[in-house]
Amino acid sequence: MNLPEVPQARLEEEWAADKDVLASLKESGDIAHLVRPVDVSFRGDDAALDKLEADAEELGFEVIEREEDEEGEMCLFLGREQAADEASIRALTRKCVQIELAYGVEYDGWGCTSEDGSDDDADDTEETGQTH
């Protein structure tokens with residue numbers, strides 16, 4: 001699937017917000033290269049979200065859920081397994097903004113847990129994310 005190019009200024013804006021989240025992950029002891037579930041969210045009308053949901057797998061995501069937020073807007077949550085290092089998150093953000101442009105939806109950010117390499121998820125992870 002061919003996704004549109006994104007204006008560099010838009011990417012820089014998104015990446016600035018990503019840097020804050022990555023810094024927060026690092027402060028919580030995150031090991032960035034560890035692969036973990038990362039979710040992204042999009043807002044939009046039903047028709048646009050239906051199309052994105054249908055194409056999610058082709059775009060490299062799985063559908064997590066679709067729900068109405070507190071303002072009554074529909075949100076679609078997608079996820080995939082990946083690392084949370086700067087290069088991986090930059091690539092994720094670029095793809096999500098491309099999806100926004102291609103599908104007429106609004107990219108609303110990403111989130112993941114902090115991973116420190118231990119097997120005890122309950123005590124060692126913290127949910128972190130970026131939303132608009």
Side-chain angles (χ1 to χ4, degrees):
M1 171 175 286
N2 288 335
L3 293 172
E5 284 302 311
V6 178
Q8 190 64 31
R10 174 68 194 284
L11 287 174
E12 294 298 333
E13 175 186 313
E14 293 292 337
W15 289 337
D18 290 346
K19 279 186 174 185
D20 292 340
V21 178
L22 292 171
S24 177
L25 283 167
K26 187 175 183 177
E27 287 173 16
S28 67
D30 185 65
I31 301 173
H33 70 274
L34 294 178
V35 173
R36 84 283 311 271
V38 176
D39 63 276
V40 297
S41 61
F42 296 92
R43 298 175 188 272
D45 64 40
D46 284 333
L49 293 177
D50 286 347
K51 175 86 171 109
L52 177 52
E53 191 170 338
D55 292 347
E57 189 174 320
E58 183 180 345
L59 292 163
F61 295 94
E62 66 180 42
V63 175
I64 297 173
E65 69 179 332
R66 190 162 163 175
E67 67 182 21
E68 191 173 312
D69 70 10
E70 53 277 348
E71 287 103 39
E73 289 186 274
M74 289 306 297
C75 298
L76 177 62
F77 295 88
L78 304 177
R80 70 184 193 183
E81 297 277 327
Q82 71 165 65
D85 59 272
E86 185 175 350
S88 297
I89 293 300
R90 279 181 170 247
L92 174 69
T93 297
R94 177 185 298 275
K95 184 171 221 169
C96 288
V97 175
Q98 288 175 310
I99 289 169
E100 176 185 88
L101 296 171
Y103 287 81
V105 294
E106 178 187 345
Y107 170 54
D108 197 36
W110 61 273
C112 68
T113 55
S114 173
E115 299 291 335
D116 65 5
S118 72
D119 290 333
D120 187 4
D121 292 334
D123 296 328
D124 297 319
T125 60
E126 175 183 323
E127 185 74 27
T128 306
Q130 184 251 111
T131 59
H132 304 149

Non-hydrogen side-chain atoms of [X] and [Y] separated by less than 4.5 Å:
{"X": "Glu73", "Y": "Asp108", "result": "no"}
{"X": "Leu25", "Y": "Cys112", "result": "yes"}
{"X": "Asp46", "Y": "Arg66", "result": "yes"}
{"X": "Glu86", "Y": "Trp15", "result": "no"}
{"X": "Tyr107", "Y": "Ile99", "result": "no"}

Please go through Ile31's hydrophobic cluster and name the other residues, only I, L, V, M, F, W, Y counting, with side-chain heavy atoms under 4.5 Å joining them.
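In the cluster with Ile31 are Leu34.
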
Does Glu57, at its CD atom, have more than 12 non-hydrogen atoms belonging to other residues, nucleotides or ligands within less than 6.0 Å?
no

Ignoring hydrogens and angles, tell me if any N or O in the side chain of Asp55 forms a donor-acceptor pair with the backbone of Glu58 under 3.5 Å.
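It does not hold such a pair.
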
So, the side chain of Thr93 versus the backbone of Ile89: is there a donor-acceptor pair under 3.5 Å, distance only?
yes

Could you tell me the separation between the [atom1] atom of [X] and the [atom2] atom of [Y], rounded to the nearest 0.5 Å?
{"X": "Asp18", "Y": "Glu12", "atom1": "CG", "atom2": "CD", "answer": "11.0 Å"}
{"X": "Gln82", "Y": "Ser88", "atom1": "CD", "atom2": "OG", "answer": "5.5 Å"}
{"X": "Glu14", "Y": "Glu100", "atom1": "CD", "atom2": "CD", "answer": "7.0 Å"}
{"X": "Phe61", "Y": "Leu92", "atom1": "CZ", "atom2": "CG", "answer": "5.5 Å"}
{"X": "Glu65", "Y": "Cys75", "atom1": "CD", "atom2": "SG", "answer": "9.5 Å"}
{"X": "Glu115", "Y": "Ser28", "atom1": "CD", "atom2": "OG", "answer": "9.5 Å"}

Flag yes if [X] and [Y] sit in one hydrophobic cluster, no otherwise; membership is Ile, Leu, Val, Met, Phe, Trp, Tyr, and two members link when side-chain heavy atoms are under 4.5 Å apart.
{"X": "Val40", "Y": "Leu101", "answer": "yes"}
{"X": "Met74", "Y": "Leu52", "answer": "yes"}
{"X": "Val63", "Y": "Tyr103", "answer": "yes"}
{"X": "Leu11", "Y": "Leu3", "answer": "yes"}
{"X": "Phe77", "Y": "Val105", "answer": "no"}

Ion pair Asp45/Lys51, N-O distance below 4.0 Å:
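The answer is no: the pair does not qualify as a salt bridge.
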
Going by side chain to side chain donor-acceptor pair (under 3.5 Å), name the residues that satisfy it together with Gln98, two or more places apart in sequence or in a different chain.
none

What heavy-atom pair brings [X] and [Y] nearest, and what distance separates the two atoms?
{"X": "Gly29", "Y": "Ser114", "value": "C-OG, 4.3 Å"}
{"X": "Ala83", "Y": "Asp85", "value": "CB-OD1, 3.2 Å"}
{"X": "Ala84", "Y": "Leu22", "value": "O-CD2, 3.1 Å"}

Apply the test side chain to side chain contact (heavy atoms under 4.5 Å, CB included) to residues Glu13 and Val97: give CA-CA distance (whole Å), side-chain angles for both, the deciding distance (0.1 Å), then the verdict.
CA-CA 11 Å; Glu13 175 186 313; Val97 175; over 6 Å; no

